[in-house]
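Scroll down for the structure; my scribbles are underneath it.
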There are 2 protein chains.
Amino acid sequence: MNVTGHTRRPASIRDVATAAGVSYQTVSRVINGHPSVRPSTRERVLAAIDELGFRRNATALALASGRSRAVTVLTANTTHYGYASILQGIEEAARAASYAVGIGVLESADDAAVAAEVQRAADAGGGLIVIAYDPAGVRALAAVPDALPVVGVVETPASPPGGDRPWVWTDDREAAYQATRHLLSLGHETVHYVAIPSSTRRTSARTSGWRQALKEAGAPESRPVQSSWGPAGGHAAGLKLASDPSVTAILCGNDDLALGVLRALHETGRSVPGDVSVAGFDNAPHSAFLTPSLTTVRLDFTGLGRSAFALLHGVLEESAQVAPHPVSVPELVVRESSGPPPTSR
Amino acid sequence: MNVTGHTRRPASIRDVATAAGVSYQTVSRVINGHPSVRPSTRERVLAAIDELGFRRNATALALASGRSRAVTVLTANTTHYGYASILQGIEEAARAASYAVGIGVLESADDAAVAAEVQRAADAGGGLIVIAYDPAGVRALAAVPDALPVVGVVETPASPPGGDRPWVWTDDREAAYQATRHLLSLGHETVHYVAIPSSTRRTSARTSGWRQALKEAGAPESRPVQSSWGPAGGHAAGLKLASDPSVTAILCGNDDLALGVLRALHETGRSVPGDVSVAGFDNAPHSAFLTPSLTTVRLDFTGLGRSAFALLHGVLEESAQVAPHPVSVPELVVRESSGPPPTSR
DNA sequence: CTGAAAGCGCTTACAG
DNA sequence: CTGAAAGCGCTTACAG
């Protein structure tokens, strides 16, 4: 509102042109950093821009140029630690590059619902980043039309679900391998695994890293306990495992699951790590403050999100520096929840 | 890509018009549900739309009409439980209304940085929802130009920081009051408070609800321990309080803080709830699975997000049903972490 | 170095 | 009920 109470229309390049005494094409050249503008002209235009508080209309820019400096993140979830951290990383990088970031939640893995969400994301213009850690995400990545610039954040790089699309990933397999080796090295006969939902029907990277470590050690391999993403699922899985007295070490697909497992062991009177050792995954903020504090594997999800954006940025603007996007190395964090197995048995 | 390998330009209303043998204005009428179109004409247009896979270009729509069916959420954080849940609620409601949702993170509360983020959000077009739970959010809400449609998610409705802007809120004061009364009713002489950062210099709603309950009970009032949002802050505050043997009940500004307090009490050998009772705030997913499980107050952040969107939707489209946005009633959830004070003292 | 023209894909009056 | 014109605020060739 201005003083007279009327809503003032934002200044356009024509307003700026009038104020600076040039044509609006010249204003366009100035705001686009075009070289062939006389310095004195540029000064006048810049002064007018400043005076009028001109901001280039992003919608008009997008329509006229076909480029839109926007990215939409497609994800099945926004609150779990891993997903939320990836989103945070993408937003950080996008903001630094002056990109708008949109978000679309895949509420269902149903093909029609996924297709509709992909369409909505495409309508927004710009590029797409799809978090393909679950069936909905995997299907969304596959449903993105070929013409759309897209980057997938995938669980495992072997035959990525996005086909030949660019993708980023963390080495979950290596991380699970490390955590399992840690537990075995403490003297446990074997390690049981409580799994997060898999992105596909195939064995997940975390599961296969766990299996590999067991195999190399010649340890007996049990069936992974399939669970959900949250503490409630971990609790249910924990109760199941607690009923088996031979279980002395449990690796959990994430720290929330581990939280539920710890609770289940407490309820069934098994001490941690005295009777049972527990390890998580992700190094979520709470893991250091649980009692017992949680042994886990740190994964750099925020960095993963930044890398995903950098990759997309490179696809969208040939001029953009495609920063190398190193796969971050998972790092084992040993805390109180893991220790040697009970000696008396 | 089509079979020849060329990227096919998406169909425009002119393409549809040609295919249907009408003018493109008629196509516009059909996609806008304009009544005065002969049924047979409408049929032909609809068939052409279907055949060509036409989708109305959102950018052109926005430029031509001035409306944009988009909302940008401005927030200082996307990962903490309350913030993330509000965002989730907004996204749900926006998706149901076919609105695009954008997100801008306020990394700094610095005036210039906040102003820049508000500008970026305004550039995206559409409406704004500002989460004003912290200084950055409060400043952002205040910095939104009058002409922009905006809804604030505020901590307390008394003299809302957004001035006369529409806002939504949860009754944090009542929630803190309930939790404090619960602890006092168990026989504690008083209740100490570990505070999340306040949105302003004024006393927060949670703090004042706690104070009111103490005052009504004639309980001695201590200074709130100022903390951060996460477990680490709770841990530090917990260590401080644990050093005072007279402390028997602690209310925490959120469940993450409570998690850290529980850990601190464990480290200092105080049992919960035997020696000290602890209550949290928010009913985050992990609170039921901590050991001891956490007494807390449930707040409906997702519903709050949905309400914020409904309110904005009403502002943006006069035609839209402005669903009533009831302030959800906080609900005390009593679990293991609260009990009577130690008898021997 | 700078201006006049055409166009991005739509909508909004204005005719008929 | 339907079509021709003008315009949203920019960019992109095309002139000069």
Side-chain angles (χ1 to χ4, degrees), chain A residues 7-46 48-49 52-70 98 100 122-126 317 319, chain B residues 7-46 48-49 52-70 100 122-126 147 317 319:
Chain A
T7 299
R8 192 157 21 191
R9 182 176 53 76
S12 73
I13 56 172
R14 291 176 214 262
D15 299 323
V16 173
T18 304
V22 298
S23 73
Y24 63 85
Q25 290 88 343
T26 296
V27 176
S28 176
R29 287 192 188 90
V30 170
I31 61 184
N32 285 299
H34 195 92
S36 60
V37 177
R38 197 192 308 166
S40 64
T41 307
R42 178 188 310 280
E43 288 310 315
R44 267 187 298 145
V45 170
L46 255 18
I49 284 176
L52 298 180
F54 167 81
R55 301 216 107 210
R56 177 215 254 135
N57 182 311
T59 302
L61 168 64
L63 183 60
S65 71
R67 306 173 247 115
S68 73
R69 299 185 83 73
S98 297
D123 287 348
E317 308 181 17
S319 59
Chain B
T7 298
R8 192 158 20 193
R9 181 177 54 75
S12 74
I13 54 172
R14 292 178 214 261
D15 299 323
V16 173
T18 304
V22 298
S23 74
Y24 63 85
Q25 290 88 340
T26 296
V27 176
S28 177
R29 287 193 189 90
V30 170
I31 61 184
N32 286 300
H34 195 91
S36 58
V37 177
R38 197 192 309 168
S40 65
T41 307
R42 180 187 310 279
E43 288 311 314
R44 267 187 298 145
V45 170
L46 254 19
I49 284 175
L52 298 180
F54 168 81
R55 299 216 108 211
R56 177 215 254 132
N57 182 310
T59 302
L61 168 64
L63 183 59
S65 73
R67 306 173 247 113
S68 73
R69 298 185 83 74
D123 286 349
E317 309 181 15
S319 59

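Just so we're on the same page: letters track the sequence lines, and every chain starts at 1.
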Please table the atom pairs, donor to acceptor, closer than 3.5 Å between any side-chain atom in residues 17-26 of chain B and protein atoms at least two apart or in another chain.
{"residue": "B:Thr18", "atom": "OG1", "partner": "B:Arg14", "partner atom": "O", "Å": "2.9"}
{"residue": "B:Ser23", "atom": "OG", "partner": "B:Gln25", "partner atom": "OE1", "Å": "3.1"}

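- Atom pair B:Asn57:CG and C:dC10:P shows a separation of 5 Å (rounding to whole Å applied).
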Got a list of protein N/O to nucleotides 12-15 of chain C N/O distances below 3.5 Å?
{"residue": "C:dT12", "atom": "OP1", "partner": "B:Arg67", "partner atom": "NH2", "Å": "2.5"}

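- Separation of atoms CG (B:Leu61) and CG (A:Leu63) is listed at 11.0 Å; rounding is to 0.5 Å.
- Remark: A:Arg29 engages no residue in a salt bridge (charged side-chain N to carboxylate O under 4.0 Å, His left out) (not counting sequence neighbours).
- Residue A:Thr26 is classed as a sugar-phosphate contact, given heavy-atom separations below 4.0 Å to backbone atoms only.
- For the pair A:Arg14 CZ and D:dT11 P, the computed distance is 11 Å after rounding to whole Å.
- B:Arg69 meets the salt bridge (charged side-chain N to carboxylate O under 4.0 Å, His left out) test with B:Glu317; sequence neighbours excluded.
- In this structure, CG of B:Asp123 is placed 11 Å from P of D:dC10, rounded to the nearest angstrom.
- Between A:Ser68 and A:Gly126, the closest heavy-atom pair is OG-N, 2.9 Å.
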Convert the base pairs of DNA chain D into dot-bracket notation, remembering that pairs crossing earlier ones are written with [ ] and that bases paired across to another strand are shown as |; include only Watson-Crick or G-U pairs under 3.5 Å. |||.||||||||.|||
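- Partners of B:Arg55 under the salt bridge (charged side-chain N to carboxylate O under 4.0 Å, His left out) rule, at least two apart in sequence or in another chain, are A:Asp123.
- Take the nearest nucleotide of DNA chain D for B:Ala60 and for B:Val22: the residue whose nucleotide is more 5' is B:Val22.
- For A:Arg38, a side-chain nitrogen or oxygen approaches OP1 or OP2 of C:dT2 to under 4.0 Å.
- Formation of a donor-acceptor pair under 3.5 Å by the B:Asn32 side chain with backbone atoms of B:His34 is not found in this model.
- Across every non-hydrogen atom of A:Ile49 and A:Val16, the tightest pair is CG1-CG1, 3.7 Å.
- Contact annotation: A:Arg56 side-chain N/O to D:dT11 OP1/OP2 distance is under 4.0 Å.
- Within the structure, a side-chain polar atom (N or O) of B:Thr41 is placed less than 4.0 Å from OP1 or OP2 of D:dT2.
- Across the protein-nucleic acid pair, A:Ile13 atom CD1 and C:dA5 atom P stand 15 Å apart, rounded to whole Å.
- Nearer to the 5' terminus of DNA chain D, by closest-nucleotide assignment, is the contact made by B:Arg42 (compared with the other of B:Leu63 and B:Arg42).
- A:Phe54 places none of its side-chain heavy atoms less than 4.5 Å from the side chain of A:Asp15.
- Closest contact between the side chain of A:Ser23 and the listed nucleotides C:dG3, D:dC8, C:dT2 involves C:dG3.
- Here C:dT11 is the nucleotide among C:dT2, C:dT11, D:dC10 with the atom lying nearest to any side-chain atom of B:Ile31.
- One finds no side-chain N or O of A:Ser12 lying less than 4.0 angstrom from the OP1 or OP2 phosphate oxygen of D:dC8.
- One interatomic measurement links the two molecules: CG of A:Asp15 to P of D:dC8, which rounds to 11 Å at whole-angstrom precision.
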